[in-house]
Protein chains: 2
Amino acid sequence: MNLDERKKKILSSVVEDYIESAEPVGSKTLVEKYHLDYSSATIRNDMKILEEEGYLEQPHVSAGRIPSTKGYRYYVDNLMKERKLSMVEIDYINSTINGFGDVDDIFEQVADVVSKVLSTPTVITRNNTDTIEHIKVVKISDKLLLIVLMSKNGTVKDCIAKLTDVVEDNVIDQMTNILNQNLTGTPLKELHLVLNNVIKKDLKAFSGVMEEIVNSIKYEMSKDLKKLNSGVEQILEKPEFSDVQTIKNFVNMISTKEIIDSALEKSNNNKLSIVIGSENKEVLLNDYTVISLDIEKDNKYLGKLSVIGPKRMNYAKTISTLKYINEKFNNTLKLNKDSKAKGDYSEKRRD
Amino acid sequence: MNLDERKKKILSSVVEDYIESAEPVGSKTLVEKYHLDYSSATIRNDMKILEEEGYLEQPHVSAGRIPSTKGYRYYVDNLMKERKLSMVEIDYINSTINGFGDVDDIFEQVADVVSKVLSTPTVITRNNTDTIEHIKVVKISDKLLLIVLMSKNGTVKDCIAKLTDVVEDNVIDQMTNILNQNLTGTPLKELHLVLNNVIKKDLKAFSGVMEEIVNSIKYEMSKDLKKLNSGVEQILEKPEFSDVQTIKNFVNMISTKEIIDSALEKSNNNKLSIVIGSENKEVLLNDYTVISLDIEKDNKYLGKLSVIGPKRMNYAKTISTLKYINEKFNNTLKLNKDSKAKGDYSEKRRD
DNA sequence: TTTAGCACTTAAAAGTATCGAGTGCTAAAT
DNA sequence: ATTTAGCACTCGATACTTTTAAGTGCTAAA
């Protein structure tokens, strides 16, 4: 596992050249483009050793070398240099994320920007360890209720329940109380289960009304938290997508919820997770790399931002972009709720 | 423009065979597969005339014929037979559209189903002639307001405004009144203009608070009303997408907002609009057909549902699917608001 | 340990040959 | 006047062959 300096230089040059050119890298290229003060024959010998050790691969005998998964991994863990974002990139990010809307909206904006800066598809996943903090029911008209769900980490979700009959105001207040008593502290993930219990316990008292509300909440929560933010147009321009089958597989892969789920699952235990090529459990992802960063604000987990691209992606740029976004969340973005607002609900309800 | 019976039969057979097979149709195929009681030579003569008249095209001299835009147009206007949806299709549609959520949600479900049934991308556009009927501002916590916009046709939209300072309840009531006085009846399309005026007139009185609210509303309204509901995976399996350039162009086209806008604009004056190939103003759409249907309920325009596919799409099936959806809106789906609820706002406001 | 030199391998590009589906036209048949 | 059999012709598609060039691995010398 310990490579001498020259081999390290060769490996990192191969990785970087291949990331840039998408062409297998030959010994001559290395000598000329990178400043390796050795002859091409020497480099060739080293490359052969690097191949035998599993860091490089050769598409065919008369081609240059490309990095293997192990090669990328070594590069990412040991050789990669940090890359600062350029002012242009920073300006672009800052001017596009305006901070309007709820946390979901902002996440969507972020994913959009990231996919543009990196020319690669971006997946966002929102917080799923969050819990319900408070529920509010607002009567919009006689047969229309707006249900607002506020979570501990500051997300606000709302949905509309259509009633079949007119309901008295005090009934709504009673129901709101029931919902709050039963649901406060419930993880969003488990909300549907708890709601089933609520129905069983209290349905009789309020007949169809509660059922409507519960159904609406369930539907709202079932809407997919994972969104794929395009960038597909852009990735298709990359040279690895020059044959029809690759494109089809990629488009299929990226539209298959299960695959995206599996990709994101793997990264659960690390703040910054990099899963390269065949390190992905899912076979269809074996030619791709998934980089995810947990987005946090004030030590609260807001969600995961993931980038899916070819193995040959710009690792340094991707990572620094994600980190910058996380920084931005902590330093400049104000979110829906600041900590001082906590606990206000019970005292000052107006409805 | 008047074709004799035999030529009509030939044209419709060419169109239908080509829709099915995606291969240029030759005279022999026509004689054998369709029951044309003439020799292939006779058919060839007629095909030549149909080509001279512009209904058919020949990719190259030793190939069969494919329909031209004019040919498809004649087929759609004069020859196409109505096609009833199969029970399987109807069941699938009915079981997938559950009617939960607001009108936007239902439209999204519908687009999803349609793209699956037709194996082709579907675009939905929501109502943009609708007007504001009533605005409600709900205080969620000290520094968080929920603004609910109700439109005349029953859409409910809402957004969240984050305040920098705590605001008194009566101030919120005053602001709500101002908003309602100024905005009731405003077309959603023009909302941002009117909001600018509101800021100018009333900003001084309520400083930053109103600005926050107005910005939130603006942002919410600026979110794209047009959504592209995938189906891209499926369309790529069709034989016209067998070369990389076609796929890239298509993916680019379909991700370009301006192109989609232009496609939908054209259909503005008809309930059912069919724009075939080169009839599309936008050059990039010249190989595609856009079919749109205005969705209405109780004579209220809810939005437009559009399907984008290759010229070689199943016109009859597409049209009958769209019509079935419209019917479904009228017969079985209940929406947020029924007409009786109208006018309730002013009398019974609880806030 | 490094390097010059060279034979060798192979994918990709360019060129060539063959095949066959489908045509248009002519002349004969209805 | 209309229809049809017959046939030469065209041209894309497919398969096969040749050429080219990039890059290697090995050997022997520095």
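Side chains are part of it too, since the values below use all heavy atoms of this structure and drop only hydrogens, waters and symmetry mates. Labels below follow one simple rule: chain letters A, B, ... track the order of the sequence lines, proteins then strands, and each chain is numbered from 1. Note that this is a predicted model, so its numbers are computed, not measured.
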Requested in this report: Look only at the side chain of A:Ser115 and the backbone of A:Thr122, and say whether a donor-acceptor pair between them is shorter than 3.5 Å.
Outcome: no
Report task. Scan side-chain atoms only and decide if A:Thr318 and A:Thr321 contain a donor-acceptor pair under the 3.5 Å cut-off. Result -> no
Report task. Let me know, please, whether B:Tyr38 or B:Pro59 comes out on the 5' side of the other along DNA chain D by nearest nucleotide. Result -> B:Tyr38
Query raised in the report: Between atom CZ in A:Arg44 and atom C1' in C:dT2, what is the gap in whole Å?
Result: 12 Å
Query raised in the report: Side chains of A:Glu53 and A:Lys7: does their closest heavy-atom pair fall under 4.5 Å?
Result: no
Requested in this report: For B:Glu32 and C:dG22, give me the distance from atom CD to atom C1', rounded to whole Å.
Outcome: 13 Å
Report summary line: In whole angstroms, the gap separating P of C:dA11 from CD of A:Glu23 amounts to 15 Å
Query raised in the report: Hey, what's the ring geometry for B:Phe250 with B:Tyr288, parallel, tilted or perpendicular (30° and 60° as the breaks)?
Result: tilted
**Report entry** Interatomic distance, A:Ile10 CD1 vs C:dT2 C1' [rounded to whole Å]
**Finding:** 13 Å
Requested in this report: Shoot me the first and last contacting nucleotide of DNA chain D against chain B, ordered 5' to 3', at under 4.0 angstrom to non-hydrogen atoms.
Outcome: D:dT3 to D:dG12
**Report entry** d(CD, B:Glu57; C1', C:dT23) in whole Å
**Finding:** 17 Å
Query raised in the report: Nearest-Å distance, CG (A:Leu36) to P (C:dT2)?
Result: 13 Å
Query - Spacing between B:His60 atom NE2 and C:dT23 atom P, to the nearest angstrom - result: 11 Å
Report task. Could you pick out which residue, A:Asn45 or B:Ala41, lies toward the 5' side of DNA chain D when each is mapped onto its nearest nucleotide? Result -> B:Ala41
Query - B:Tyr34-B:Asp17 side chain donor-acceptor pair, cut-off 3.5 Å - result: yes
Report summary line: The dot-bracket string of DNA chain D, counting Watson-Crick and G-U wobble pairs with both distances under 3.5 Å, using [ ] for crossing pairs and | for pairs to another strand, is ||||||||||||||||||||||||||||||
Query raised in the report: Does B:Ser27 have a side-chain nitrogen or oxygen under 4.0 Å from the phosphate oxygens OP1 or OP2 of C:dG22?
Result: no
Query raised in the report: Between the side chains of B:Ser40 and B:Ser27, does any donor sit under 3.5 Å from an acceptor?
Result: no
Report task. Would you classify A:Lys28 as touching base, sugar-phosphate or nothing, given that sugar-phosphate means primed atoms plus P, OP1 and OP2, and contacts are heavy atoms under 4.0 Å? Result -> nothing
Query - Spacing between A:Lys48 atom NZ and C:dT2 atom P, to the nearest angstrom - result: 17 Å
Query raised in the report: Is A:Ser13 reaching over with its side chain to a backbone N or O of A:Leu30, donor-acceptor style, under 3.5 angstrom?
Result: no
**Report entry** Any donor-acceptor N/O pair, B:Thr120 side chain to B:Ile308 backbone, under 3.5 Å
**Finding:** yes
Query raised in the report: Does the C:dT10 base have a donor-acceptor partner in the side chain of A:Ser62 within less than 3.5 Å?
Result: yes
Query - Euclidean distance, A:Asn280 CG relative to A:Leu285 CG, rounded to 0.5 Å - result: 4.5 Å
Report summary line: Testing C:dA11, C:dT23, C:dT2 for proximity to the side chain of A:Arg6, the answer is C:dT2
